[in-house]
Amino acid sequence: MKPLLHRVPRLILVILALALFGVVRAPVETRLRDQLVAANLLLPPPGQGAFEQMSQSALMGTLGGLRSLVATFLTLEAYDHFSTKSWDALRQTYQIITSLEPRDESHWVSVIWHIGINATANMELDTKLPQFERDRRFKEYAFQAITLAERGLAQLPESAAIRLQLAEVYREKLKDDCATSRVYGDIIGLPGEPAYARRFHGYFMARCPGREKEAYAYLMALYREGERQHLPTLIKEIQKLEEKLRIPTPQRIPDADPDRPKKAPKPRTNVLPGGIVVP
Amino acid sequence: MSIEQTVPRAAGKAVPLFSLGRVWTIATSTVTQLVRMKTFYFLLAFALVVVAVGNFNIPATPVKELSMIKKVSFGTMDLFAWLFAIVATALLIPRDIEDRTLYTILSKPVRRIEYLFGKLTGVLVVVGTSLVAMYAICAIMIFARESLYLTAEHDAMTASGQYTGAEIQEQLDLIRQQGLRAELGIAVLASFFKASVVAAVTIFISTFASSSLFTIIVSILLFLIGHAHNMAANFWLDESGNSIFVQMLVKVIKILIPNYQLFSFSEGIVQGEAVVSALVWQMGGLTAGYLVVFLLLSLLVFVDKEF
């Protein structure tokens, strides 16, 4: 060993040893990396767009293996944009956050909520802008929220939370009952599906032009499941459809109209008109 | 004038080729050396970070807040671990030369591999202890917040009267999933693996470096390159239109520089993903491989170095 050490320059020996080790470990590391990514333990590389948009410190943090840490601090920065109603800056910040942690559902839900609900609400109220501009921006933000939801669902196809947030945008902001019903329908059967998703799918289908018959059949199926489904909204929606579809009276549900005021209680017999109490 | 008679000395006891006892002695003295440098004071800074993030007042759900506390705590833990591994390791050999402790050690029947191994073990003991201490601080904070959120959420849902027992349980389980779980210990182990490889690479650099500063700068640069080359490779190849030169360069970098990104699997665990024990074992094996190879490379440079 010693003569070899004296004959060959040390630097060459070191480089050769490093290269040999590198050649041996490279396939092992590639396989391990694929397995770690498949097990969701290692994050896939951020998208190219994320690198271009990152500030110098965020980039250094990301390169230094601190993606989660950088994403968390960017979340705080996004909150700052929310406080100052800087919606475009907020969206850009979330674009980086979701590139850094594409599998974190809460980031997608937050950005859809901020852009789809808060930014649009701000456009409804911000009187500093002319009405035309407010309307234009309202639509722009609502559609941006839909695009963000689609991107989130491409990353997390099983996410009920992203769909719930998307449904809220369709329901509250765009008043698109058909799309709302479709999104609630997509939630049914997913992990984390809320109990009301099935009912909401039916309620909004009932309001979607052209789908009344389908909605009636669907809501009646829910009604037949038993007492626990006999909620006021369900009864009201079925009764509206019965009217609309001219369902014969014997086939109609027997429940009273939930909106009809209940009978007033009988006045006490010892109270005379004018509020005079007879002892 | 009398002629002194030289009495031949008795043959010394044969020195074993490798002694774990000697390694341990050097390791314990390294631990003492690092403790005297007041290195554990950074735990105070860590505790402050954890307490600060635990008290951020932003409108978020309990699940999101717990997730945020964990991400910041474990990210900071990871950062402290690798940075500490670089700085502590980079200081050790130059400090021994400066104090002339190295001459005393190497004039004894101590092999150079034992010296290097002892130094590395000492650093790893300190890094491991620091990680355990940081984990304890962070676990207390997570547990406290989790208990608070569980009670608050249970009370609020019960008081509203709108939710069934199963729905309340589901919500509480969601909070528990982001709370203190045994798997988080594996995330600490992942940070330890990363710091170990970083320390092994740094000790190798310090065997030929001219100063501690050089060792620290080069080690940090290597760390960044080792972390980024996988991420940057696609970007470069795309930008250069898959040029042969860039492909070769990427391959050379991949072969010569450790892939640190692989050791960031703690991020997935912190986000609540299930741990695959087979993968953790394989990562442990890879870490051991790195330690052995870089220790031998250090020896190759250090074996007949004159001081």
Side-chain angles (χ1 to χ4, degrees), chain A residues 1-2 5-6 10-11 13-15 17-26 28-33 35-46 48 51-52 59-73 75-76 79 82-83 101 103-104 106-107 109-110 192 194-195, chain B residues 53 56 58-61 63-64 67-68 71-72 74-76 78-79 82 164 167 170 174 194 208 223-224 227-228 230-232 234-235 238 254-271 273-276 278-279 282-283 286 289-290 293 296-297 300-301 303-304:
Chain A
M1 184 73 184
K2 280 222 165 162
L5 288 180
H6 288 298
R10 203 57 54 87
L11 183 69
L13 277 179
V14 167
I15 291 174
L18 262 177
L20 187 68
F21 178 53
V23 169
V24 173
R25 69 178 164 78
V28 179
E29 286 182 346
T30 308
R31 184 177 48 80
L32 260 172
R33 192 173 149 269
Q35 287 177 341
L36 287 167
V37 170
N40 291 343
L41 291 174
L42 207 61
L43 298 167
Q48 204 161 314
F51 279 123
E52 284 158 9
L59 187 66
M60 288 310 282
T62 309
L63 297 184
L66 302 164
R67 282 170 72 170
S68 292
L69 200 62
V70 172
T72 307
F73 283 112
T75 310
L76 297 179
Y79 178 65
F82 167 54
S83 315
E101 291 190 322
R103 280 200 290 258
D104 192 328
S106 67
H107 294 323
V109 174
S110 294
Chain B
V53 77
F56 273 151
I58 60 165
T61 60
V63 170
K64 202 167 177 191
S67 163
M68 193 199 271
K71 279 183 199 170
V72 173
F74 280 82
T76 314
D78 200 59
L79 173 74
W82 69 256
T164 63
E167 282 171 335
E170 198 183 355
L174 202 66
K194 192 196 271 185
F208 60 82
F223 182 80
L224 293 178
H227 231 292
N230 249 328
M231 283 191 263
N234 296 338
F235 184 75
D238 199 50
K254 267 188 181 175
I255 282 174
L256 293 182
I257 298 176
N259 183 352
Y260 288 118
Q261 202 221 348
L262 213 56
F263 293 89
S264 293
F265 65 96
S266 62
E267 289 188 343
I269 301 171
V270 170
Q271 282 182 21
E273 300 292 347
V275 175
V276 183
L279 285 175
Q282 287 181 61
M283 287 307 295
L286 187 70
Y290 268 110
V293 169
L296 291 176
L297 282 173
L300 196 62
V301 180
V303 69
D304 51 5

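Because the structure is a prediction, the values reported are computed rather than measured. Reckoned from all heavy atoms, side chains included, excluding hydrogens, waters and symmetry mates. To find a chain, count down the sequence lines: A is the first, B the second, and so on, and within it residues start at 1.
- For the pair A:N40 and B:Q271, the minimum side-chain heavy-atom distance is 4.5 Å or more.
- With a 4.5 Å cut-off on non-hydrogen atoms, B:V72 touches chain A through its backbone and its side chain both.
- B:F208 does not touch chain A: none of its heavy atoms, backbone or side chain, sits under 4.5 Å away.
- In plain terms, the two heavy atoms of B:M283 and A:L36 that are nearest each other are SD-CD1, 4.0 Å.
- Closest heavy-atom contact between A:S106 and B:K64: OG-CE, 3.7 Å.
- In this structure, the side chain of A:R10 engages the main chain of B:L300 through a donor-acceptor pair within 3.5 Å.
- At least one donor-acceptor pair closer than 3.5 Å links the side chain of B:E267 to the backbone N or O of A:R67.
- For the set A:A195, A:A17, A:A19, the count of heavy-atom pairs under 4.5 angstrom toward chain B peaks at A:A19.
- For B:L256, the parts lying near chain A are the backbone and the side chain together; criterion is any non-hydrogen pair under 4.5 Å.
- In this structure, A:L42 and B:E273 have side chains that are not in contact, with every pair of non-hydrogen atoms separated by 4.5 Å or more.
- In this structure, no portion of B:L174 lies under 4.5 Å from any heavy atom of chain A.
- Scanning for salt bridge (Lys or Arg N to Asp or Glu O under 4.0 Å) contacts around A:R25 gives A:E29, with sequence neighbours left out.
- Chain A forms more heavy-atom pairs under 4.5 Å with one residue of B:T164, B:V63, B:L79 than with any other, namely B:L79.
- Both the backbone and the side chain of B:K71 have a heavy atom closer than 4.5 Å to some heavy atom of chain A.
- In this structure, the portion of B:A274 lying under 4.5 Å from any heavy atom of chain A is its backbone and not its side chain.
- Between B:Q282 atom CD and A:L32 atom CG the span is 5.0 Å, to the nearest 0.5 Å.
- Of the inter-residue distances, the one linking B:L297 atom CG with A:L13 atom CG reads 10.0 Å to the nearest 0.5 angstrom.
- The parts of B:T76 that come within reach of chain A are both its backbone and its side chain, each placing non-hydrogen atoms under 4.5 angstrom from that chain.
- Note that OG of B:S264 and CG of A:L41 are 11.5 Å apart. Values are rounded to the nearest 0.5 Å.
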